[in-house]
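I have placed the structure first, in the form of structure tokens, so that the comments after it can refer back to it.
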Amino acid sequence: MIPEAPFLFSIAALSATMAGLAGLVAALRRGSEMRAVDLFRLQQIVEFCFANIVIALSVVPLASLLGGSGPAVQVMAAVAVTYQVFSIVVLRRRQRQYHLAWSATWYVGASVLNIMIFVAGVAALLTGGMAAFEVLLVLFLARPMFVFLLVLQSFERD
């Protein structure tokens, strides 16, 4: 097993916990009407968290299969960057489907986070370095956290 496995397992566990918390929030919201924006964000949190779990955990068996953490990091960094692009496209479509408009603050926050994810992902892809990949995973964990803060903020307005 690779020495970074405990970190990877921790990221997966934190992501699973956050997905469960999003489910709890959704269950508690059932007493009131679920708005489109709440549904959009809670769905987003769970999707991000599940992807984080798969990306973080996949490095361990891949390292065994590919003979080291470097090649495993490169493969999973490529998967992560591809997922990032795919998720942005899906979220934009879903945003139009729900007829949601976002503030400039939301766009700036999401854009900065997405740029940082791409930079860390490309660095991990090019170098195969675990440090860059760990930064990528922390940034991937920040995605659902950012969305969760938006959900909590919307509850204050209710």
Side-chain angles (χ1 to χ4, degrees), residues 4-60 73 75-126 129-158:
E4 298 84 8
F7 177 84
L8 300 172
F9 296 153
S10 296
I11 291 290
L14 288 168
S15 295
T17 301
M18 199 174 318
L21 188 56
L24 178 62
V25 169
L28 293 174
R29 286 294 283 193
R30 290 194 194 275
S32 61
E33 182 156 333
M34 183 74 78
R35 297 175 310 172
V37 67
D38 295 330
L39 180 64
F40 175 84
R41 288 181 176 154
L42 290 171
Q43 187 176 17
Q44 189 179 11
I45 291 167
V46 173
E47 290 170 358
F48 287 167
C49 290
F50 285 176
N52 293 354
I53 293 166
V54 171
I55 290 167
L57 291 179
S58 295
V59 174
V60 175
V73 163
V75 168
M76 291 316 298
V79 168
V81 169
T82 302
Y83 165 73
Q84 178 75 358
V85 170
F86 176 75
S87 71
I88 289 170
V89 170
V90 168
L91 290 174
R92 292 290 294 161
R93 282 188 188 156
R94 201 177 293 156
Q95 177 188 4
R96 283 186 291 241
Q97 175 187 350
Y98 287 133
H99 306 290
L100 299 174
W102 302 120
S103 67
T105 305
W106 181 87
Y107 273 114
V108 169
S111 296
V112 167
L113 191 53
N114 286 332
I115 289 167
M116 291 169 59
I117 286 170
F118 281 118
V119 169
V122 169
L125 177 62
L126 294 177
M130 186 58 81
F133 188 72
E134 288 174 344
V135 169
L136 174 65
L137 290 175
V138 169
L139 292 170
F140 259 51
L141 190 59
R143 286 178 81 193
M145 288 178 172
F146 176 69
V147 178
F148 215 105
L149 290 174
L150 295 174
V151 170
L152 295 177
Q153 183 184 31
S154 74
F155 290 174
E156 291 176 3
R157 285 186 241 133
D158 292 348

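Please read these numbers as outputs of a predicted model, since none were measured by experiment.
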Closest non-hydrogen contact found for A22 with L42 is O-CD2, 3.8 Å
State, to 0.1 Å, how close V59 and I55 come at their nearest heavy-atom pair, and which atoms those are. CG2-O, 3.7 Å
Can you see which heavy atom on V135 is nearest to which on A120, and at what distance? CG1-CB, 4.1 Å
Side chains of R41 and Q44: is there a donor and an acceptor less than 3.5 Å apart? no
Can you list everything that forms a salt bridge (charged side-chain N to carboxylate O under 4.0 Å, His left out) with E4? Sequence neighbours excluded, please. none
Please say whether more than 12 non-hydrogen atoms of neighbouring residues, nucleotides or ligands are located less than 6.0 Å from CZ in F50. no
L137 side, atom CG; I117 side, atom CD1 - distance, nearest 0.5 Å: 10.5 Å
Rounded to the nearest 0.5 Å, what separation is found between the CZ atom of R92 and the CD1 atom of I88? 10.0 Å
Restricting to ring-ring contact (aromatic ring centres under 6.0 Å, His included), what partner residues turn up for F40, sequence neighbours left out? W102
If you compare all heavy atoms of N52 against all heavy atoms of S15, which two are closest, and at what distance to 0.1 Å? CB-OG, 3.1 Å
side-chain contact (heavy atoms from CB on, under 4.5 Å) with I45: which of L150, V147, L21? V147
From F148 atom CZ to F48 atom CZ, the distance as rounded to the nearest 0.5 Å: 13.5 Å
What are the two closest non-hydrogen atoms of A5 and V60, and how far apart are they? CB-CG2, 4.1 Å
Check Q95 against A101 and note the closest heavy-atom contact, atom names and distance. NE2-CA, 4.4 Å
Kindly determine whether V54 and Y83 satisfy side chain to side chain contact (heavy atoms under 4.5 Å, CB included), including the steps that lead there. CA-CA 11 Å; V54 171; Y83 165 73; over 6 Å; no
Determine all donor-acceptor pairs shorter than 3.5 Å in which one atom belongs to a side chain in residues 138-146; sequence neighbours excluded.
unit_1	atom_1	unit_2	atom_2	d
R143	NH1	Q84	OE1	2.7
R143	NH2	S87	OG	3.0

Could you walk me through whether L125 and V81 pass side chain to side chain contact (heavy atoms under 4.5 Å, CB included), step by step? CA-CA 9 Å; L125 177 62; V81 169; 5.7 Å; no
